Amino acid sequence: MSEELFKNIISHAKEYGFIFQSSEIYDGLSAVYDYGQNGAELKNNIRNYWWKAMVQMHDNIAGIDAAIFMHPTTWKASGHVDAFNDPLIDNKDSKKRYRADVLIEEHVAKIEAKIDKEVEKAKKRFENFDENMFRTTNARVLEYQKKIDDINVRFKAAMEQNDLAQVKQLIIDCEIVCPVSGTRNWTDVRQFNLMFSTSMGSVSEEASVIYLRPETAQGIFVNFLNVQKTGRMKIPFGIAQTGKAFRNEIVARQFIFRMREFEQMEMQYFVKPGTEMEWYGRWKETRMKWHRAMGFPESKYRFHDHLKLAHYANAACDIEFEFPFGFKELEGIHSRTDFDLKSHETYSGKKLQYFDPEENKSYVPYVVETSIGLDRMFLAVLSASYKEETLEDGSGRVVLSIPPLLAPVKAAVLPLVNKDGLPEKAMEIFDTLKYEQRCFYEEKDTIGKRYRRQDAIGTPYCITIDSETIKDNTVTIRERDTMKQERIPVEKIPAVVNDKVSPNTILKKL
Ligand code: GAP
């Protein structure tokens, strides 16, 4: 997908009330966004789809809603105070600040693009082209690949040893220039903690520094025993929650892909030590199924296994999605061992253990985590649904082919004209549908224009009320993707709409 198309998606999101820049009248706040009337509905529907699939459909997963503010020691125990850092570097000429790891990653991506170009050229030149063979024997490709491997090895070593001088040396050796000034006049690299802090308490001497949570997971860990005991949960069991998280991202770009205030949907699955790899494999599969059940092309998803593991993990992968700017992380699945619970035991002095009646002993469970960004999921749905189509008559339309269950509006109720009792009849139909579905009523503009506006926000059905309706109590129902129109009796409308947008349409595939 091109940059142009991504720009079109962003302006479409604004024009049709999905996403606005935060505090736009004051020129906005960087990497913070507001959801408009259609965006809020779509976001709610995605959150509900996740909640139903994770909590409602599993008798051993409990949903909670922990507070954003947590005791400051939480973040010491989780490792975020000491290790939730990004390596930053400034260009002295442009005064622009960058993430050193991103500069290096982008440099590697440029070399990878050169390899792809060689492959494409060769593909055109040779018949029966064997890409694998070409990649492993072509001298120029091998030279590029060696460069990439050398950079990756040096970067990995430098980060593991927290050797920031080496990271800077790598940037210099790769001859990376500032995209703004074009110079290599770099400062030293230094670590920058991503947590936002504020103070709690009204009297300054008594106020203590607290953090806005950078992940929702810790609210689950500190409530592990509360939920286990009050819900009489038996291992294996999960605790799920959705909610806001905050990170002072330095490189905040690509619209809602990387935000400073965002929402996560996380689930921690507590298992018997030694069974975590089995559960890790099962959750990888289950989560991929959840994504695929929405019906977007399977080629849009792939796994990416982490080579460099976080200090708490013994296995980790991402589910990547093909965004308009390429394959990027959408969801993380992590086998987090017993790191978090053990660390909270140490810092709180409280036991966070489970008595296993089968084993007749207590232990600290291991944890498999699934963690997905709701906003990132929103962007995935929006970009996979966005279509610019040319119709048979030569006219164009933009349609969002959002899975009906997730669509912000399920049905638009449209009187053909604003007279002859049609608005009253239309309102009657709206009033019967509104108890079950979010519907929309509109009488302004030609019917064609109204259809286009509903296509643009992804409404699965438009219901048109005309003079025939008054005579025989039938309406025209138009389907969004095929644009096919059918005449059906008014009393059949709820069944047709409910059937199309029912959670069963997706949940039964899981
Ligand atoms: N509890 C584990 C955890 O937070 P993570 O990989 O840092 O892991 C999980 O984040 C997911 O949260 C990501 O896969 C992404 O979808 C989302 N996410 C992380 N940072 C984000 C940001 N700045 N803006 C939007 N979404 C973000």
Side-chain angles (χ1 to χ4, degrees), residues 19 22 29-33 35 43 46-47 50 54 66 68 70 74-75 77-80 83-86 99 101-102 192-196 211-222 224 238-269 280 283-284 287-288 290-291 301-306 308-313 315-321 323 325 327-337 339-341 343-344 367-383:
I19 299 171
S22 158
L29 187 64
S30 170
V32 186
Y33 291 89
Y35 287 82
K43 200 175 169 197
I46 297 173
R47 193 192 294 105
W50 183 87
M54 298 297 279
I68 288 172
M70 298 182 72
T74 308
W75 306 111
S78 68
H80 285 82
F84 196 50
N85 300 318
D86 274 347
R99 262 176 62 178
D101 55 333
V102 171
F192 175 83
N193 194 285
L194 296 184
M195 281 195 296
F196 284 100
Y211 299 100
L212 273 71
R213 67 181 176 199
E215 61 170 15
T216 56
Q218 297 304 323
I220 292 178
F221 288 123
V222 301
F224 159 69
I239 305 179
Q241 79 163 325
T242 69
K244 289 271 180 154
F246 304 82
R247 295 182 189 178
N248 198 358
E249 300 282 1
I250 300 314
V251 181
R253 278 179 303 172
Q254 290 161 327
F255 195 37
I256 56 169
F257 181 80
R258 197 177 300 286
M259 302 156 88
R260 295 199 166 110
E261 175 182 339
F262 58 101
E263 197 165 331
Q264 286 186 315
M265 307 188 286
E266 297 201 297
M267 191 275 306
Q268 314 292 322
Y269 204 69
Y280 171 70
W283 277 110
K284 269 177 82 168
R287 292 304 303 150
M288 188 56 109
W290 183 87
H291 287 281
Y301 304 91
R302 69 182 187 195
F303 284 114
H304 168 77
D305 290 320
H306 287 202
K308 183 178 175 281
L309 293 173
H311 56 285
Y312 53 74
C317 72
D318 296 333
I319 292 177
E320 291 189 338
F321 180 78
F323 288 98
F325 37 83
F327 271 99
K328 295 272 179 223
E329 173 185 347
L330 173 58
E331 168 158 9
I333 298 153
H334 314 121
S335 173
R336 287 180 81 127
T337 68
F339 171 83
D340 301 86
L341 288 180
S343 188
H344 285 304
V367 171
V368 175
E369 165 185 75
T370 70
S371 173
I372 176 168
L374 174 51
D375 312 85
R376 223 172 256 193
M377 188 59 211
F378 187 109
L379 183 58
V381 170
L382 190 65
S383 46

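Each ligand, and each atom within it, is numbered from 1 in the order the structure gives. This is a predicted model, so every value here is computed, not measured.
- In terms of heavy-atom proximity, His344 sits nearest to Ala77 at ND1-CB, 3.6 Å.
- Residue Leu330 has at least one N or O atom closer than 3.5 Å to an N or O atom of ligand 1.
- The distance from the CZ atom of Arg247 to the CZ atom of Phe262 is 4.0 Å, given to the nearest 0.5 Å.
- Of the protein's heavy atoms, Phe262 CD1, 3.5 Å lies nearest to atom 26 (N) of ligand 1.
- Residue-to-ligand polar distances place Met259 within reach of ligand 1: an N/O pair is separated by less than 3.5 Å.
- Shortest contact from atom 20 (N) of ligand 1 to any protein heavy atom: Arg247 NH1, 3.3 Å.
- Remark: minimum distance from atom 12 (O) of ligand 1 to any protein heavy atom is reached at Gln264 NE2, 3.3 Å.
- Of all protein heavy atoms, the one closest to atom 6 (O) of ligand 1 is Glu329 OE2, 3.2 Å.
- Residue, atom and distance of the protein heavy atom nearest to atom 9 (C) of ligand 1 are Ser371 OG, 2.9 Å.
- Side chain to side chain, Thr216 and Glu266 meet the donor-acceptor criterion of an N or O pair below 3.5 Å.
- Residue contacts with ligand 1 for His334 involve side-chain atoms from C-beta outward but no N, CA, C or O (heavy atoms, distance under 4.0 Å).
- Of the N or O atoms in Gly373, one or more lie within a sub-3.5 Å distance of an N or O in ligand 1.
- A search for side chain to side chain contact (heavy atoms under 4.5 Å, CB included) contacts involving Thr337 returns Asn314, Phe339, Tyr366, not counting sequence neighbours.
- For Glu369, every heavy-atom contact with ligand 1 shorter than 4.0 Å involves the side chain, none the backbone.
- Of the protein's non-hydrogen atoms, the one nearest atom 25 (C) of ligand 1 is Phe257 O, 3.3 Å.
- Nearest approach of Val367 to Gln268, heavy atoms of both residues: CG1-OE1, 3.4 Å.
- Not one N or O of Arg258 is nearer than 3.5 Å to an N or O of ligand 1, by distance alone.
- Looking at Arg376 against ligand 1, only its side chain comes within 4.0 Å, counting heavy atoms.
- Neither the backbone nor the side chain of Asp318 comes within contact range of ligand 1; no heavy atom lies under 4.0 Å.
- Taking a cut-off of under 4.0 Å to the non-hydrogen atoms of Glu266, the atoms of ligand 1 that pass are 1 (N), 2 (C), 3 (C), 4 (O).
- Distance CE/Met265 to CG/Asp375: 9.0 Å, rounded to 0.5 Å.
- Nearest heavy atom pair, residue Arg336 against residue Ala217, reads NH1-CB, 4.2 Å.
- Residues satisfying the salt bridge (Lys or Arg N to Asp or Glu O under 4.0 Å) criterion with Glu261, sequence neighbours excluded, are Lys244.
- Interatomic distance, Glu369 CD to Tyr280 OH, rounded to the nearest 0.5 Å: 11.5 Å.
- At under 3.5 Å, a nitrogen or oxygen of Glu215, whether backbone or side chain, sits near a nitrogen or oxygen of ligand 1.
- With rounding to the nearest 0.5 Å, the separation of CG in Asp318 from OG in Ser371 is 10.0 Å.
- Both tests do not hold together for Lys328 against Phe323: distance to the six-membered ring centre under 6.0 Å, angle to the ring axis within 45°.
- At least one heavy atom of Arg336 lies less than 4.0 angstrom from ligand 1.
- Proximity to Glu331 (heavy-atom distance under 4.0 Å) selects the following atoms of ligand 1: 14 (O).
- In this structure, CH2 on Trp50 lies 9.0 Å from CH2 on Trp290, to the nearest 0.5 angstrom.
- Ligand 1 has no atom lying under 4.0 Å from any heavy atom of Asp375.
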